[in-house]
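Here the structure is laid out as structure tokens; the discussion comes afterwards.
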There are 2 protein chains.
Amino acid sequence: MVSGFPPPLLGRLSFLLGKLHLLTLEAEDEGLAQLDVGVKQHAALSVLVGEGPMTQQELGRRMGVDRTTVVGVVDALDERELVERRRSPADRRSNLLTVTASGHETEQRGRRLVADAEERVLDGLDGSDRDRLRELLGRALGGG
Amino acid sequence: MVSGFPPPLLGRLSFLLGKLHLLTLEAEDEGLAQLDVGVKQHAALSVLVGEGPMTQQELGRRMGVDRTTVVGVVDALDERELVERRRSPADRRSNLLTVTASGHETEQRGRRLVADAEERVLDGLDGSDRDRLRELLGRALGGG
DNA sequence: TATTGTTATACTCTATAACTATA
DNA sequence: TATAGTTATAGAGTATAACAATA
């Protein structure tokens with residue numbers, strides 16, 4: 001598939017990133033569809049699995065989104081019984097989000113599906129170039 | 001600048017691309033602010049300068065957006081007298097978009113501002129790594 | 001008073017449907 | 001009938017403001 005976009009756009013970093021971002025999101029969503037979770041939901045699940053129980057506020061901070069946005073994400077995960085909202089005993093204003101057994105399973109399967117989807121998106125690059133792209137993106141973001 | 005995002009997110013391609021995309025858009029918009037044009041407007045201007053006069057439909061096709069979206073972009077450029085809508089003599093349904101002298105000037109200045117903004121975003125990478133990142137992104141889009 | 005989760009609301013971006021004037 | 005540009009509208013996504021419970 002030839003991109004077909006004119007040089008003035010292909011030389012623009014925001015355009016390259018935007019297009020590839022869109023393609024990647026679509027591929028990941030398509031892959032996760034069989035688990036009935038979206039990219040955002042699975043990302044939240046992964047953070048909770050990787051970092052342990054935390055409040056909605058804290059989840060939002062780590063994902064870089066507002067706490068009002070977190071409500072909808074957790075609603076979706078809660079409905080599917082992938083996470084539970086437990087009232088924190090220490091501070092009863094906050095919910096301690098905990099991943100259920102089914103949630104752990106979904107997170108693990110999803111991780112594989114996401115990885116497969118990303119490989120399809122990066123079809124035009126060989127293995128070492130894929131690694132290099134990830135490494136460069138991470139370094140550009142500052143964390144490495 | 002330490003990213004502060006947890007590993008489960010930093011390993012996700014869509015997350016890396018999404019965050020860097022947002023940072024890049026903001027930087028480009030900030031740079032272009034002194035010319036009073038947005039990224040989308042300047043991108044359209046660049047396509048018109050690079051490819052010559054074309055209809056709004058054609059501009060939309062090349063930019064990968066709907067013709068209804070093009071209306072607003074051209075409105076903004078038209079108001080600032082950077083492009084003109086000329087009724088095509090061959091087919092009077094369509095507008096032949098032509099860049100004004102002021103439009104050419106704005107495009108050229110903007111190109112520099114965009115380049116500077118992108119360098120700031122890619123501050124964490126040296127020159128050859130920046131080139132490599134662009135090359136990999138372009139190849140991922142072109143081949144995949 | 002300040003904070004957590006929530007809801008209502010608004011804003012941005014983009015697309016679909018429908019209208020007009022041409023073809 | 002079909003197409004280019006336009007307008008009205010709707011949808012996704014996210015944020016700000018306000019409220020109840022709790023600190």
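Chain letters run A, B, ... following the sequence lines, proteins first, then strands; residues in each count from 1. Everything quoted here is computed from the prediction, not taken from an experiment.
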From CZ of Arg93(B) over to P of dC19(C), roughly how many Å is that when rounded to an integer?
19 Å
Which part of the nucleic acid does Ser94(B) contact within heavy-atom distance under 4.0 Å: base, sugar-phosphate only, or nothing?
sugar-phosphate
Identify whether any heavy atom of Asp66(A) sits under 4.0 Å from a base atom; if not, whether one sits that close to sugar-phosphate; answer base, sugar-phosphate or nothing.
base
Do you know which of Thr106(A), Asp75(A), Thr100(A), Asp36(A) makes side chain to side chain donor-acceptor pair (under 3.5 Å) with Arg80(A)?
Asp36(A)
Under 4.0 Å from any atom of DNA chain D, heavy atoms only: list the residues of residues 32-57 of chain A that qualify, in numerical order.
Lys40(A)
Kindly state each residue pair satisfying salt bridge (charged side-chain N to carboxylate O under 4.0 Å, His left out) with at least one member in residues 49-71 of chain B, sequence neighbours excluded.
Glu51(B)-Arg62(B), Glu58(B)-Arg61(B), Glu58(B)-Arg62(B)
Heavy-atom contact window of chain B on DNA chain D, given 5' to 3' at under 4.0 Å:
dA2(D) to dT7(D)
What pairs with Glu26(A) under salt bridge (charged side-chain N to carboxylate O under 4.0 Å, His left out), at least two apart in sequence or on another chain?
none
Separation of atom CZ in Arg67(B) from atom P in dA21(C), rounded to whole Å
16 Å
Distance check needed: dG5(C) P versus Arg61(A) CZ, whole Å only.
13 Å
Quick one: salt bridge (charged side-chain N to carboxylate O under 4.0 Å, His left out) partners of Arg92(A), sequence neighbours excluded?
none
Does some side-chain heavy atom of Arg109(A) sit less than 4.5 Å from a side-chain heavy atom of Gln34(A)?
no
Distance-only donor-acceptor check, side chains Ser46(A) and Arg12(B), under 3.5 Å:
yes
Whole-Å distance, Leu96(A) CG to dT3(C) C1', equals 16 Å
Output the rounded distance in Å from CZ (Arg87(B)) to P (dT22(C)).
7 Å
Take the protein atom CG of Asp29(B) and the nucleotide atom P of dT12(C), then report the distance between them rounded to whole Å.
13 Å
Contact check, side chains of Asn95(B) and Thr55(B), non-hydrogen atoms, under 4.5 Å:
no
For Ala33(A), what residues pass the side-chain contact (heavy atoms from CB on, under 4.5 Å) criterion, not counting sequence neighbours?
none
Minimum heavy-atom separation for Met63(A) to Leu9(B), with atom names?
CA-CD1, 3.8 Å
Less than 3.5 Å between a donor and an acceptor, one on the side chain of Arg92(B) and one on the base of dT22(C), is that the case here?
no
Atom pair distance, as rounded to whole Å: CD in Glu26(B) and C1' in dT12(C):
14 Å
